[in-house]
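Quick note: numbers below take in every heavy atom, side chains included, and nothing from hydrogens, waters or symmetry partners. Since the structure is predicted, the reported quantities are computational estimates derived from the model, not experimental observations. When a ligand or atom number is given, it counts from 1 through the structure's own listing order.
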Amino acid sequence: MSLPPDRHTVRAVCPHDCPDSCAMQITVENGRAIKVQGATDVPITRGTLCAKVAHYEERTYSDQRLLYPMKRVGKKGEGRFARISWDEALDEIAERFAKLAATDPRSILPYSYAGTMGLVQGSSTDRRFFHRLGASFLDRTICAEAGFQGYKASIGATLGTDPEAFANAPYILIWGANPVVSNLHLWARIVEARRKGARVVCIDPVRSLTAEKSDWHLAPLPGTDAALALAIMHVLIRDGLCDEDYIARYTTGFAALKRRVHDWTPERAAAETGLTAAAIEQLAREYGQDGRHAAIRVNYGLNRCAGGGAAMRAIACLPALTGHWRSPHGGILLSTSGSYGVDDHALERPDLYPYDERLPPRHVNMSRIGDALLEDRDPAIRAIMVYNSNPVAVAPDSNKVRAGFAREDLFVVVHELFQTDTADYADILLPATSQLEHWDIHKSYGHLNVMVNEPAIAPLGEARPNTWVFRELAHRMGFSEACFTESDEEIGAQAFRKSHPRSGNIDMTTLRTQGWQRLDVPTPFAPFAQGGFPTPSGKCEFYSDTLAQQGIDPLPHFVPPREGPRSNPELAAKFPLAFVSPPSRHFLNSSFANLPRFKDAEGRPWLDMHPQDASARGLEDGQRVRIFNDRGAFHATLRVNTEAPGVRQSVVSAPSIWWQKLSGDGCNANAVTSQALADMGGGATFYDCLVEVDDDDGPPAAES
Ligand SMILES: Nc1nc2c(c(=O)[nH]1)N[C@H]1C(S)=C(S)[C@@H](COP(=O)(O)OP(=O)(O)OC[C@H]3O[C@@H](n4cnc5c(=O)[nH]c(N)nc54)[C@H](O)[C@@H]3O)O[C@H]1N2
Ligand SMILES: Nc1nc2c(c(=O)[nH]1)N[C@H]1C(S)=C(S)[C@@H](COP(=O)(O)OP(=O)(O)OC[C@H]3O[C@@H](n4cnc5c(=O)[nH]c(N)nc54)[C@H](O)[C@@H]3O)O[C@H]1N2
Ligand code: SF4
Ligand SMILES: [Mo]
């Protein structure tokens with residue numbers, strides 16, 4: 001008689017770079033994860049996961065998983081490897097790093113982003129290791145930095161409306177965001193609000209799934225949102241739709257703002273945005289309507305352009321003008337990440353950096369990794385260690401990125417679950433554990449809870465967590481500090497500051513028995529109902545001294561796209577289409593794009609184009625086209641929807657991010673995107689990009 005199966009459940013957290021950070025429950029039978037579900041007791045998750053993660057066993061047990069350390073045997077980039085032992089791999093890395101560090105440790109660069117959002121596997125032992133080594137600092141700008149800095153200039157920190165409260169909002173403005181695709185659990189609250197009668201308006205150059213389901217869709221040209229926000233302010237002030245009491249008590253610089261927006265008539269904004277003046281008037285009046293407090297969901301979609309910081313800053317001023325902050329469901333939500341008192345110092349130990357006058361700290365902006373690898377000197381980058389990221393596929397201007405990674409004199413280490421486009425360039429390729437195989441603690445940028453991820457299963461093959469790898473390297477490099485011997489749980493226990501007003505209640509015992517805890521914030525939570533903005537003045541800053549000190553216009557302003565008819569008419573004549581490449585539904589950045597279920601669901605690389613732009617070029621729905629500019633080219637299948645165009649005129653959109661080697665022609669959207677940086681925070685400008693499209697059909701389409 002066979003024994004009954006050993007079956008139990010384990011609490012976990014979705015590790016992906018998604019605001020929802022869902023709480024998961026893993027069912028394990030005889031040591032194997034057999035089911036992955038959303039936890040039913042955590043408010044925002046409410047028992048559901050998105051389609052990508054509901055099948056997480058497939059990703060975990062995929063036959064594409066890397067299971068052993070390997071060493072390159074083919075040419076750089078060819079992706080041919082032979083198995084070696086962990087000892088051989090780690091010894092070689094430590095030896096190479098030590099040799100470079102003896103001359104100048106800044107020739108070594110870590111490269112990581114948010115492959116896992118876990119505080120332990122995402123940013124702890126790795127940072128400690130590179131700090132102690134004295135390596136170059138990586139400025140992690142690829143996603144949110146411009147918008148983050150712009151939001152901070154107005155509001156002080158990434159605090160905002162509680163996502164749960166959206167369910168009660170009477171009017172919701174979704175701006176540069178596509179929650180149906182990339183923030184599903186917020187969309188569930190918006191659907192709830194709508195059932196109660198809310199009006200939902202979406203501002204997006206693309207007719208996204210969210211735009212399609214909204215009551216009203218406005219499609220401005222990419223990179224022109226600040227002009228729209230300035231004109232909304234103009235109308236609000238002109239028509240007396242402001243909350244004067246709120247302005248007087250809780251804001252600074254209103255008189256200067258009033259002068260600034262005086263000239264920003266709807267007509268002027270119409271010329272920049274490609275919207276009609278009438279639509280802008282209507283939007284402003286709806287938003288400012290007396291007697292109700294509107295919610296704005298703004299997202300990073302609109303910060304990937306030259307004026308991304310300025311756009312976010314201007315939009316973030318709106319709820320203080322109207323006093324919408326007075327209600328828990330009013331205000332604006334960009335990210336909740338600033339709600340937590342994360343103890344970065346304890347996790348990352350910047351104090352370990354060996355300050356040496358002869359070798360001043362060197363920073364490398366990840367959004368220009370191509371140029372950095374090819375051009376930076378004093379010192380040149382001689383070794384790069386990539387983990388939690390797939391730069392060859394996701395970083396802009398990928399022809400340059402590939403050329404950089406292909407350098408014969410660059411030592412490349414990649415720690416990964418899969419053999420990504422980047423892994424192909426590794427000299428040493430190390431196997432990483434999945435979220436089901438390691439311990440972690442998570443905050444979120446789309447809710448207000450802290451959650452614990454307990455390992456559900458043993459590591460597959462010889463896969464090892466990030467922390468283990470850096471602990472082993474630290475040991476081999478002779479780093480004897482006690483922080484390099486701490487266990488993952490010991491690191492996690494230091495993640496939140498007890499002294500922080502909202503994190504003081506977080507304790508490991510409760511977390512590990514209950515799985516999650518809400519931050520110490522009231523329900524309902526109206527963060528700025530009575531001001532208390534975490535800016536230098538304690539107010540919402542229409543005028544920002546902080547920006548003035550950085551040499552940036554201290555008042556809300558518009559920075560036109562770098563690649564556009566106004567800034568660069570010659571370029572716009574040659575490449576007249578504005579190109580965006582927003583997240584696709586079945587991928588998460590470049591994650592999942594190698595797994596059959598998701599690749600098949602996405603089908604093939606698409607390019608959405610307006611029927612008039614297609615007919616002007618003699619192009620037809622379903623044909624293969626080439627998208628190109630002076631930086632490069634890639635191919636996609638054209639989608640022209642004549643009844644409901646997928647994009648506004650003069651804009652084209654390619655849902656992303658495909659793996660280059662699986663996309664048919666070996667290139668993806670980043671063949672054409674630019675390494676130029678945004679106005680604030682050194683942010684990336686993926687959506688500030690002009691292209692032309694023709695019928696050069698190139699190599700065969702990706703097989704799905
Ligand atoms: N399924 C899925 N979910 C994801 C991701 C994914 O790849 N796939 N990525 C995750 C990551 S890393 C992030 S940062 C988040 C948020 O990711 P974001 O990049 O903010 O993406 P979305 O929320 O999808 O919203 C972006 C929307 O902004 C639009 N947009 C582009 N340019 C402009 C502009 O100039 N102005 C305006 N108004 N709109 C513009 C795009 O067309 C798109 O519909 O999503 C996360 N969630
Ligand atoms: N064209 C275009 N490009 C874009 C964007 C766009 O909208 N358009 N969006 C940009 C944005 S917003 C972002 S955030 C970036 C995202 O870029 P990345 O952060 O690079 O995101 P992913 O492509 O998901 O790659 C993460 C990798 O980490 C690996 N990984 C996961 N967990 C672990 C782990 O525990 N250990 C290790 N060692 N590895 C792990 C995964 O297998 C995966 O290959 O892309 C940017 N690039
Ligand atoms: S990707 Fe986002 S929506 Fe999907 S399970 Fe993860 S956190 Fe939830
Ligand atoms: Mo991102």
Would you say that Leu595 contacts Phe418 through its side chain, given a criterion of any heavy-atom pair below 4.5 Å between the two side chains? yes

Whether the Ser398 and Gln660 side chains hold a donor-acceptor pair (N or O, under 3.5 Å, no angle test) is what I'd like checked. yes

Sub-4.0 Å heavy-atom contact, His16 with ligand 1: no

Out of curiosity, is Met366 lining ligand 2, as in a heavy atom under 4.0 Å away? no

Could you name the option among Gln121, His438, Glu416 that has the heavy atom nearest to atom 27 (C) of ligand 2? Glu416

Less than 3.5 Å between some nitrogen or oxygen of Ser591 and one of ligand 2, yes or no? yes

Ligand 1 atoms in contact with Trp175 (distance to a heavy atom under 4.0 Å): 38 (N)

Decide whether the shortest distance between a heavy atom of Arg304 and an atom of ligand 1 is less than 4.0 Å. yes

Is the distance between atom 4 (Fe) of ligand 3 and the nearest N/O/S atom of Cys50 smaller than 2.8 Å? yes

Can Asn668 and Ser663 be said to form a side-chain hydrogen bond (donor to acceptor under 3.5 Å, both in side chains), step by step? CA-CA 7 Å; Asn668 67 10; Ser663 64; over 6 Å; no

Check ligand 1 against Phe587 and write out every atom of the ligand that is under 4.0 Å from a heavy-atom position of the residue. 1 (N), 2 (C), 6 (C), 7 (O), 8 (N)

Shortest protein heavy-atom distance from atom 40 (C) of ligand 2, along with the residue and atom involved: Asn388 OD1, 3.3 Å

Side chain, backbone, both or neither: which part of Leu184 comes within less than 4.0 Å of ligand 3 when only heavy atoms are counted? neither

Could you tell me, atom by atom, which parts of ligand 2 come under 4.0 Å of a heavy atom of Ala114? 19 (O)

Heavy atom to atom 43 (C) of ligand 1, shortest distance: which of Asp204, Asp20, Val580 holds it? Asp204

Assess the side chains of Asp397 and Gln675: does a donor N or O sit below 3.5 Å from an acceptor N or O? yes

Would you please determine whether Cys305 falls within less than 4.0 Å of ligand 1 on a heavy-atom basis? no

So which bit of Arg59 gets within less than 4.0 Å of ligand 2, heavy atoms only: side chain, backbone, both or neither? side chain

Side chain, backbone, both or neither: which part of Thr420 comes within less than 4.0 Å of ligand 2 when only heavy atoms are counted? side chain

Once rounded to the nearest 0.5 Å, what's the spacing between atom CG of Asp126 and atom CZ of Arg471? 11.0 Å

Hey, are the side chains of Arg402 and Tyr425 touching, using non-hydrogen atoms and a 4.5 Å cut-off? yes

Please check if any side-chain donor atom of Asn178 sits under 3.5 Å from a side-chain acceptor atom of Asp204, or the reverse. no

Run the contact test for Leu588 against ligand 3 with a 4.0 Å cut-off on heavy atoms, strictly below, and give the result. yes

Atom 18 (P) of ligand 2 [closest protein heavy-atom partner, distance rounded to 0.1 Å]: Ser389 OG, 3.9 Å

Do any heavy atoms of Cys50 fall under 4.0 Å from ligand 1? no

Heavy-atom contacts under 4.0 Å between Ala54 and ligand 3: side chain, backbone, both, or neither? neither

Treating Arg597 as the side-chain partner and Arg59 as the backbone partner, does any N or O pair qualify as donor plus acceptor under 3.5 Å? no

Would you tell me which option among Trp659, Tyr300, Phe686 has the nearest heavy-atom contact to atom 3 (N) of ligand 2? Phe686

Examine the proximity of ligand 1 to Arg585 and report which part, side chain or backbone, both or neither, has a heavy atom under 4.0 Å away. backbone

Looking at ligand 1, would Asn183 count as a contact under a 4.0 Å heavy-atom criterion? no

Pair Phe592 and His55, ring centroids less than 6.0 Å apart: no

Taking non-hydrogen atoms only, is Ile657 closer than 4.0 angstrom to ligand 2 via side chain, backbone, both or neither? side chain

Are the aromatic ring centres of Phe470 and Phe130 under 6.0 angstrom apart? yes

Can you list the atoms of ligand 1 that are under 4.0 Å from a heavy atom of Cys143? 14 (S)

Any side-chain donor-acceptor pair under 3.5 Å between Thr48 and His185? yes

At a 4.0 Å threshold, what atoms of ligand 3 neighbour a non-hydrogen atom of Cys14? 1 (S), 5 (S), 6 (Fe), 7 (S)

Any sub-3.5 Å donor-acceptor pair from Asp225's side-chain atoms to Leu302's backbone N or O? no

Residue selection (non-hydrogen contact nearest atom 39 (N) of ligand 1) among Ser656, Ser581, Pro561, Pro205: Pro205

Relative to atom 36 (N) of ligand 2, which among Ile142, Asn670, Asn466, Leu66 owns the nearest non-hydrogen atom? Asn466

Using distance alone, determine whether Asn390 and ligand 2 share an N or O pair under 3.5 Å. yes

Identify the closest protein heavy atom to atom 7 (O) of ligand 2: which residue and atom is it, and at what distance? Tyr687 OH, 2.7 Å

Is it true that Glu164 and Arg189 have a side-chain N and a carboxylate O under 4.0 angstrom from each other? yes

Provide the number and element of each atom of ligand 1 under 4.0 Å from a heavy atom of Asn589. 6 (C), 7 (O), 9 (N), 12 (S)

Counting heavy atoms under 4.0 Å, the part of Ala144 that contacts ligand 1 is neither

Would you kindly say whether Asn641 and Arg207 are connected by a side-chain donor-acceptor distance under 3.5 Å? no

